[in-house]
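Structure first, commentary second.
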Amino acid sequence: MGLLKSSLLLQGQLRSATVAAAASAGVGRRGVATSTEEYMRRNYANNVSEYNTVIGSLVQQRRPYLLRDAYDDMLLDGVQPVRDTFHNLIVGTMKGSRLQDAFYFRDQMKEMGLQPDVNLYNFLISTCGKCKNSDAAILLLEEMKAHGVKLKGETYICLLNALAATGRTDQVYAIVRDMTAAGLGLNKYCYAGLITAFKNKTPASEDTMAKILEFVQQSKGWQYVERIANDSAENIMMNVSEEELYNLPTADYANRRGFIFKQLTIYHVAIHACADLQSKETLETLLEMITKEGFPYDPFVVMHAVRCYLRCGDIDSAVKMFEEFSSSKPTPAELYVTLAEGAMIGHTPRGMQVAQETLEKMTSRNFFLNPKMGTDLLLAASGEKTGGYTTANYVWDLLQTRNIVPALPAVEAYHRGLKEREIPSDDPRLLNVARVLDNLQLRFGPRRFTQNAQTQSSN
C-alpha cells in the first residue's frame with residue numbers, strides 16, 4: 001500500500017529537473033547530489049518490481065499522463081525495464097488513448113533489445129482504433145509481418161475494429177477475407193466491427209441501416225461457435241476486457257455488474273449505431289428482435305434506445321421506455337442523465353420540464369452527479385435562451401452541494417446564460433459563478449488563449 005500511495009504523489013512532479021518543487025510532497029527527481037537518507041526519503045521505488053507496482057497502480061487509477069514520468073524516473077535510477085514493464089506501460093496508454101506515448105514505449109522496448117510480441121501488438125493496434133488512426137494500425141500489421149510475428153484471432157479482430165473506427169469498409173472486408181483464409185470463423189466482435197464500420201463510413205451509405213440489420217441476423221449463426229482461440233489469458237491478467245480491447249461502445253461498462261448482458265453484444269453495437277445515426281425505425285426493429293429471442297433489455301440497451309428516441313425528437317417514447325424499465329428494475333444514474341440531457345435537445349418547454357422532473361427523481365433516489373455527468377448536463381441546460389433557467393440553476397446547485405466544479409466550457413456557458421438574463425450584478429449566484437470561472441481560467445486559460453491566438457494568426 002505504501003507504493004500505491006506514493007504513486008498518487010507523482011502528478012506534476014516526476015519530470016522536474018530539480019527536487020525543490022517536490023520537496024513538500026516527498027517525491028522528486030533524482031539527478032542531483034543528495035545524502036543517502038534524503039534520497040531514500042524522496043524515492044518511491046528502488047527496483048524493477050517496485051516500479052512495475054507503481055506503473056500498475058497508475059494504470060489502474062487511469063492516470064496515463066504520468067506513465068512517461070514514472071518511466072523517466074526508472075531510467076534515471078538505473079533500473080532496467082523488463083518485458084512486463086513495457087506491457088504495463090502500453091496497456092496504460094491504450095486505456096488512456098495516448099497513441100504517441102504507446103509508440104514511444106514500443107520504440108524504447110526495441111532499443112533495449114526486446115521485440116514486441118503478438119499480445120503487445122494487439123494492445124498497440126487497439127490504441128490506434130481508440131485514437132481513430134487506422135493508417136497506424138496498418139503499419140503495425142506490416143511491422144508484424146516483417147518481424148515474423150504470427151497473428152492470432154485477437155489480432156485480426158483488433159485490426160478489424162481499428163479500421164472500423166474510421167469507416168474503412170473495404171479494408172474491413174479485406175481483414176474478414178484474411179480471417180477466412182486463415183481458417184478462422186467470425187464471432188460477435190467481428191460483426192460488431194462490421195456494424196461500426198458502416199456506421200462510421202463517410203459519406204453515409206443509403207443502405208447503412210439495412211446492412212446493420214443484415215449483420216445482426218448473420219451473427220446469430222455464429223453465436224454458439226467456440227472462441228476463435230484461447231487468446232485471453234494475458235488480457236485477463238492485465239485487466240483488459242474484450243469490450244475494451246476491441247473498442248466496443250460497452251467498454252466503460254464491461255466490468256459493471258448487471259449493466260450489460262454479454263448475450264446482447266451485437267445488439268448493443270447496433271442500437272448504439274441507431275442512436276448515432278438517428279434511425280428510430282431500425283431501433284424498433286432491433287428491440288422487437290431482442291424480445292422475440294426472449295432476452296430482457298439491459299440498462300445499456302435502454303440507455304441508447306432512449307438516446308435514439310430523443311435525438312429523433314420523440315420525447316414521449318423515450319419517457320415511456322424509461323418508465324417501463326425503471327418501474328421494474330434498478331435504474332443506474334447514467335440512465336437518468338441520458339433522459340435528462342437528451343430531453344434538453346432544442347430546449348423546448350416540454351423537454352426542459354422532462355429534464356427537470358428526471359433530475360428531481362434522480363436526486364430523490366440518492367443518486368449523485370459526478371464531474372462528467374454534471375458538466376454534460378450543465379452544458380446542455382445552459383443553452384436555454386428563454387424561460388427561467390430553472391434546470392441550469394438546479395444542476396449548478398446539485399454540483400455545488402457536493403463541491404464539484406464542472407469543466408471550463410460548461411461554466412463559461414452557464415455564466416454567459418446568467419448574464420443574458422436580467423440579474424443584478426451583485427446577485428450571489430452570479431458572483432459565485434464568476435468567481436469559479438475566474439479560477440478555472442487562471443488554471444486553464446493561458447493554454448486556450450495561446451491556441452486561439454495561433455488559430456487566428458493562421459487564418
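- In this structure, Ser126 contributes its side chain and Asn122 its backbone to no donor-acceptor pair below 3.5 Å.
- Looking only at side-chain heavy atoms (C-beta outward), Leu140 and Cys128 come within less than 4.5 Å of each other.
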side-chain contact (heavy atoms from CB on, under 4.5 Å) between Leu399 and Val405, intermediate numbers included:
CA-CA 7 Å; Leu399 296 173; Val405 178; over 6 Å; no
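- The two residues Leu377 and Ala340 have their closest heavy-atom pair at CD2-CB, 4.0 Å.
- Residues Glu284 and Tyr309 bring a donor and an acceptor atom of their side chains to less than 3.5 Å of each other.
- In this structure, Ala343 and Ile315 approach most closely via the heavy-atom pair O-CD1, 4.4 Å.
- Aromatic ring orientation, His87 versus Phe123: perpendicular (interplanar angle above 60°, classes split at 30° and 60°).
- No side-chain donor-acceptor contact under 3.5 Å links Asn88 to the backbone of Gly56.
- For residues 399-435, the pairs satisfying ring pair (Phe, Tyr, Trp, His ring centres under 6.0 Å) are Tyr389-Tyr414, Trp396-Tyr414, with sequence neighbours left out.
- Side chain of Lys130 to backbone of Glu244: a donor-acceptor contact under 3.5 angstrom is found.
- Between Val216 and Ile195 there is a side-chain heavy-atom pair separated by less than 4.5 Å.
- The six-membered or imidazole ring of Phe295 lies away from that of Tyr267, with a centre-to-centre distance of 6.0 Å or more.
- Taking CD1 of Ile266 as the start and OH of Tyr189 as the end, the distance is 10.5 Å to the nearest 0.5 Å.
- Salt-bridge formation is not detected for the pair Asp427/Lys419: no Lys NZ or Arg NE/NH1/NH2 atom is positioned less than 4.0 Å from an Asp or Glu carboxylate oxygen.
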Compile the donor-acceptor pairs under 3.5 Å between side chains in residues 365-373 and protein atoms, sequence neighbours left out, one pair per line.
from: Arg365; atom 1: NE; to: Tyr336; atom 2: OH; distance (Å): 3.2
from: Arg365; atom 1: NH1; to: Lys361; atom 2: O; distance (Å): 3.3
from: Asn370; atom 1: OD1; to: Lys372; atom 2: N; distance (Å): 3.1
from: Asn370; atom 1: OD1; to: Met373; atom 2: N; distance (Å): 2.7
from: Lys372; atom 1: NZ; to: Asp376; atom 2: OD2; distance (Å): 2.9

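- In this structure, a donor-acceptor pair under 3.5 Å is absent between the side chains of Tyr104 and Thr93.
- The shortest side-chain heavy-atom distance between Leu89 and Gln108 does not fall under the 4.5 Å cut-off.
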Go through Leu264 and Phe300 one step at a time and tell me if the side-chain contact (heavy atoms from CB on, under 4.5 Å) criterion holds.
CA-CA 10 Å; Leu264 298 178; Phe300 188 90; over 6 Å; no
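- For the pair Pro81/Met74, a side-chain contact is recorded, criterion being any heavy-atom separation below 4.5 Å from C-beta on.
- Judged as a salt bridge (charged side-chain N to carboxylate O under 4.0 Å, His left out), the pairs with a partner in residues 255-273 (not counting sequence neighbours) are, in order, Glu243-Lys262, Arg256-Glu334.
- By the 30° and 60° cut-offs, the orientation of the rings of Tyr44 relative to Tyr51 is perpendicular.
- Judged by distance alone, with hydrogens and angles left aside, the side-chain atoms of Asn161 form no donor-acceptor pair with the main-chain N or O of Asn247 at under 3.5 Å.
- For the atom pair Leu378 CG and Ile404 CD1, the distance stands at 12.0 Å (nearest 0.5 Å).
- Note that the CD1 atom of Ile212 and the OG1 atom of Thr285 stand 11.5 Å from one another [nearest 0.5 Å].
- Between Met344 and Ala355, the shortest heavy-atom contact is CG-CB, 3.6 Å.
- The two residues Thr166 and Lys132 come nearest to each other via the heavy atoms CG2-O, 3.5 Å.
- A salt bridge links Asp316 to Arg350: one of the charged nitrogens lies within less than 4.0 Å of a carboxylate oxygen.
- Listed here is the closest heavy atom pair of Ser279 and Cys312: N-SG, 4.1 Å.
- The CD atom of Glu412 sits 10.0 Å away from the CG atom of Leu379 when rounded to the nearest 0.5 Å.
- No donor-acceptor distance shorter than 3.5 angstrom exists from the side chain of Arg168 to the backbone of Leu163, with no hydrogens or angles considered.
- Here the shortest heavy-atom pairing between Ile271 and Ala305 reads CG2-N, 3.9 Å.
- The number of heavy-atom neighbours closer than 6.0 Å to CD of Glu206, taken from other residues, nucleotides and ligands shown, is 12 or below.
- Checking Gln356, His347, Glu357 one by one against Thr391, the side-chain contact (heavy atoms from CB on, under 4.5 Å) holds for a single residue, Gln356.
- Put simply, the side chain of Thr331 gets close to the backbone of Lys329: a donor and an acceptor are under 3.5 Å apart.
- A donor-acceptor contact shorter than 3.5 Å links the side chain of Arg311 to the backbone of Asp276.
- Leu287 is listed as a side-chain neighbour of Leu283, based on a closest heavy-atom distance under 4.5 Å.
- In this structure, the ring of Tyr71 has its center less than 6.0 angstrom from the ring center of Phe105.
- Side-chain atoms of Arg402 never come within 3.5 Å of backbone atoms of Leu398 as a donor-acceptor pair (strictly under, hydrogens ignored).
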Assess the residue pair Lys95 and Val59 against the criterion (side-chain contact (heavy atoms from CB on, under 4.5 Å)); give the C-alpha distance rounded to whole Å, side-chain angles, the decisive distance to 0.1 Å, and a yes or no.
CA-CA 8 Å; Lys95 288 177 178 287; Val59 174; 3.8 Å; yes
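- Leu335 places none of its side-chain heavy atoms less than 4.5 Å from the side chain of Pro299.
- Under the 3.5 Å distance criterion, the side-chain polar atoms of Thr375 are matched with a main-chain donor or acceptor of Ala407.
- Rounding to the nearest 0.5 Å places CG of Leu99 at 5.0 Å from CZ of Phe103.
- With a 4.5 Å cut-off on side-chain heavy atoms, Glu242 and Thr265 do not count as touching.
- Side-chain contact, Asn432 with Arg435: a donor N or O sits under 3.5 Å from an acceptor N or O.
- The shortest side-chain heavy-atom distance between Leu437 and Leu408 falls under the 4.5 Å cut-off.
- The CG atom of Asp101 sits 13.0 Å away from the OH atom of Tyr65 when rounded to the nearest 0.5 Å.
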Can you check side-chain contact (heavy atoms from CB on, under 4.5 Å) on Leu248 and His268, steps first, answer last?
CA-CA 9 Å; Leu248 268 59; His268 293 147; over 6 Å; no
